[in-house]
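Here is the structure we will look at, set down as structure tokens.
None of the values given here were measured: they were computed from a predicted structure. So you know, we letter chains A, B, ... as the sequences are listed, proteins then strands, and number each from 1.
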There are 2 protein chains.
Amino acid sequence: MSSTTGARTGRKHRVREEALAEILRTGRRLLVEEGPGAVTLRAIAREMGMTAPGLYRYYAGHRDLIQALASSLYDELATALAEARDRHPAGEPGRRLREVCRELRRWALDHPREFGLLFAKPDADADTTPGTAAHDSSWRFGGVVLDLMVQLWRNGGVQPPPTTLDPAWAAQLEEVREHLSGEPVPLDGIYVFVACWARLYGAVAVEAFGHLDFALTDPEPLFEHTLDDILTALGATPDANHR
Amino acid sequence: MSSTTGARTGRKHRVREEALAEILRTGRRLLVEEGPGAVTLRAIAREMGMTAPGLYRYYAGHRDLIQALASSLYDELATALAEARDRHPAGEPGRRLREVCRELRRWALDHPREFGLLFAKPDADADTTPGTAAHDSSWRFGGVVLDLMVQLWRNGGVQPPPTTLDPAWAAQLEEVREHLSGEPVPLDGIYVFVACWARLYGAVAVEAFGHLDFALTDPEPLFEHTLDDILTALGATPDANHR
DNA sequence: AGCAATTGCTAACGGTGTTAACTTTCGAGG
DNA sequence: CCTCGAAAGTTAACACCGTTAGCAATTGCT
């Protein structure tokens, strides 16, 4: 072990990363244009002017490729949320959170196939297991929202949870707390964050999967009401509401 | 056209329906035991001791078979919800609704693969289109919940929606109203029903897809709080809460 | 210059949905 | 009773899929 591993970013590495990215780009295009069933090794290779076995030089198999695609989508979503956050002043975390939630909904509705891949993972059990890139990416995605909740908590006004915390929860909530930047937050607060996160994510998913189509042509006002509820529970000042 | 069409339920028809059912049963078993990718025409045929093309005598193809499976799962879920409803007195619609919601969550958690098939439909666009069996079945499933909300409304106490209704919604909400039994409900009420339905369905989906595993080992108390919120919005008497 | 890693290929295996053409079975009408 | 036709199932085949093995070519480092 001497030189090859140490060559920090040779041109070879660059071109290889470009290939990795192009594979993902092609796979995503197939996902968007033809549906999840069309993102196949052979189709990707065909689109790239090569053959399927060649892709094995870049990804260990179809499963790994899909996982890498999901991870990159998590990253893109996290970036979009962070940008939405930075478009508004840091002194108004309530408004920032509102805009981030809106951006999450917009992204899901604009990219339903991608959102479907992230929310309804193919065979489950691959996301929550730590160590995987998708696990980290999903944290990077949710962290944008959770961090804003932390700032909101610092401003005070977060409603305490309606019941006393089950002690069995404490351990895992501790783990969540470690992922949050800055000074520690009481577990009561973390519980409220998780509850709000669940409600937000659920509202977006139900709409993105078309489960409101039977009743509402445009569920946006409903989502805004949900947002009002969430921000109220987090003690956001009402003046930060409605743009 | 004389006799064959008129033979109302000859033995031949019975055995055919039994075959149709066995195919679905086998497909479901594969779904549960091996995951969605394993429910394949050839595997089903293999399990049943026949060959794949033979299944085309019963279903027009893989797509149709999956759709029929989804439809039957909707039916089973609707039946489970109705049974949960009937286990409690008709005079307490608040309690009935609470138990039905609990049963929905329980069913989703006990049958995650089946729930995944229903919530994250393979390629979308097949569910909302009227005329399909899955469309009717999904109505039968949601109707159990919505009907209880109607009864709750009759008892009074449903909170009016936080804003005036967008007139564009009226048309589609009218359509929803026609699906509800009994005397007509004002559109304001229907809006609240849809909002509560969305929140319920979203909460169940987020948990069933494992998106709370990162923070909560047992999200049941969180679900109960959500239920409290929903029932409060519907004006259920608090004494009907918590078993 | 030469060696070794990287990159891509072809060939092949088993599995998948789907179609076409064939056999077999079985129920009903004369 | 016999026939005839619909129904149910078969085999063969096609195109596609993931994956592996083995081979050729290219590239980059010493």
Side-chain angles (χ1 to χ4, degrees), chain A residues 1-24 26-27 29-31 33-70 122-123 126, chain B residues 1-24 26-27 30-31 33-70 117 122-123 126:
Chain A
M1 55 176 78
S2 57
S3 58
T4 48
T5 27
R8 294 206 296 144
T9 310
R11 226 184 81 251
K12 216 170 169 185
H13 291 184
R14 298 222 151 215
V15 50
R16 182 179 170 75
E17 287 194 6
E18 227 309 291
L20 285 164
E22 183 182 351
I23 293 172
L24 260 39
T26 310
R29 192 162 52 74
L30 287 169
L31 171 68
E33 295 175 358
E34 323 249 9
V39 47
T40 184
L41 287 183
R42 290 187 127 109
I44 293 174
R46 204 181 305 132
E47 297 274 321
M48 293 177 61
M50 55 186 293
T51 61
L55 295 179
Y56 280 74
R57 302 290 171 185
Y58 299 95
Y59 294 100
H62 185 259
R63 215 184 162 73
D64 283 50
L65 195 153
I66 297 295
Q67 188 135 332
L69 178 55
D123 275 302
Chain B
M1 54 176 78
S2 57
S3 57
T4 49
T5 30
R8 296 208 295 140
T9 312
R11 226 183 84 251
K12 219 169 169 183
H13 293 183
R14 296 221 152 220
V15 51
R16 178 167 228 282
E17 287 193 6
E18 227 309 290
L20 285 163
E22 184 183 350
I23 293 173
L24 260 38
T26 310
L30 288 169
L31 171 68
E33 293 175 358
E34 323 249 11
V39 46
T40 187
L41 286 183
R42 289 186 127 109
I44 293 175
R46 204 181 304 132
E47 296 275 323
M48 293 177 61
M50 54 186 292
T51 60
L55 294 179
Y56 280 76
R57 301 287 169 186
Y58 300 95
Y59 294 100
H62 185 258
R63 218 186 161 72
D64 283 50
L65 195 154
I66 297 294
Q67 187 136 331
L69 178 56
L117 183 65
D123 275 303

For atom CE of A:Met50 and atom C1' of D:dA24, their distance in whole Å: 15 Å

Once side chain to side chain contact (heavy atoms under 4.5 Å, CB included) is applied, do any residues pair with A:Ala38, and if so which ones, sequence neighbours excluded? A:Glu34

Enumerate donor-acceptor pairs with a distance under 3.5 Å from any side-chain N or O in residues 41-60 of chain A to protein atoms, sequence neighbours excluded.
| residue | atom | partner | partner atom | Å |
| --- | --- | --- | --- | --- |
| A:Glu47 | OE1 | A:Arg29 | NH1 | 3.4 |
| A:Glu47 | OE1 | A:Arg29 | NH2 | 2.7 |
| A:Tyr59 | OH | A:Leu20 | O | 3.2 |

Atom-to-atom span, CG of B:Leu20 to P of D:dA7 - whole angstrom: 14 Å

Here the distance between atom C1' of D:dC17 and atom CD1 of A:Ile66, to the nearest Å, is 13 Å

Using a 4.0 Å heavy-atom cut-off across all strands, classify A:Tyr59 as base, sugar-phosphate, or nothing. nothing

Whole-Å gap separating C1' (D:dG9) and CD1 (B:Ile44): 17 Å

Write out a two-atom table: protein N or O, nucleotide N or O from nucleotides 17-23 of chain C, distance below 3.5 Å.
| residue | atom | partner | partner atom | Å |
| --- | --- | --- | --- | --- |
| C:dG17 | OP1 | B:Thr40 | OG1 | 2.4 |
| C:dG17 | OP1 | B:Leu41 | N | 2.7 |
| C:dG17 | OP2 | B:Thr40 | OG1 | 2.9 |
| C:dG17 | OP2 | B:Leu41 | N | 3.2 |
| C:dG17 | OP2 | B:Arg42 | N | 3.0 |
| C:dG17 | N7 | B:Arg42 | NH1 | 2.4 |
| C:dG17 | O6 | B:Arg42 | NH1 | 3.0 |
| C:dT18 | OP2 | B:Tyr56 | OH | 2.8 |
| C:dT18 | OP2 | B:His62 | N | 2.6 |
| C:dT18 | O5' | B:Tyr56 | OH | 2.8 |

Return no unless some side-chain N or O of A:Thr51 is found under 4.0 Å from OP1 or OP2 of C:dC9. yes

Calculate the interatomic distance between A:Arg46 atom CZ and D:dG18 atom C1'; express it in whole Å. 13 Å

CG of A:Leu55 versus C1' of C:dC9: gap in Å, rounded? 13 Å

Nearest 0.5 angstrom please: B:Thr26 OG1 to B:Leu31 CG, how far? 12.5 Å

Distance in Å, A:Leu30 CG paired with A:Thr40 OG1, rounded so as to fall on 0.5 Å steps: 9.0 Å

Indicate whether OP1 or OP2 belonging to C:dG27 is found under 4.0 Å from a side-chain N or O atom of B:Arg16. no

Nearest 0.5 Å, please: how far is CD1 in B:Ile66 from CG in B:Leu24? 9.0 Å

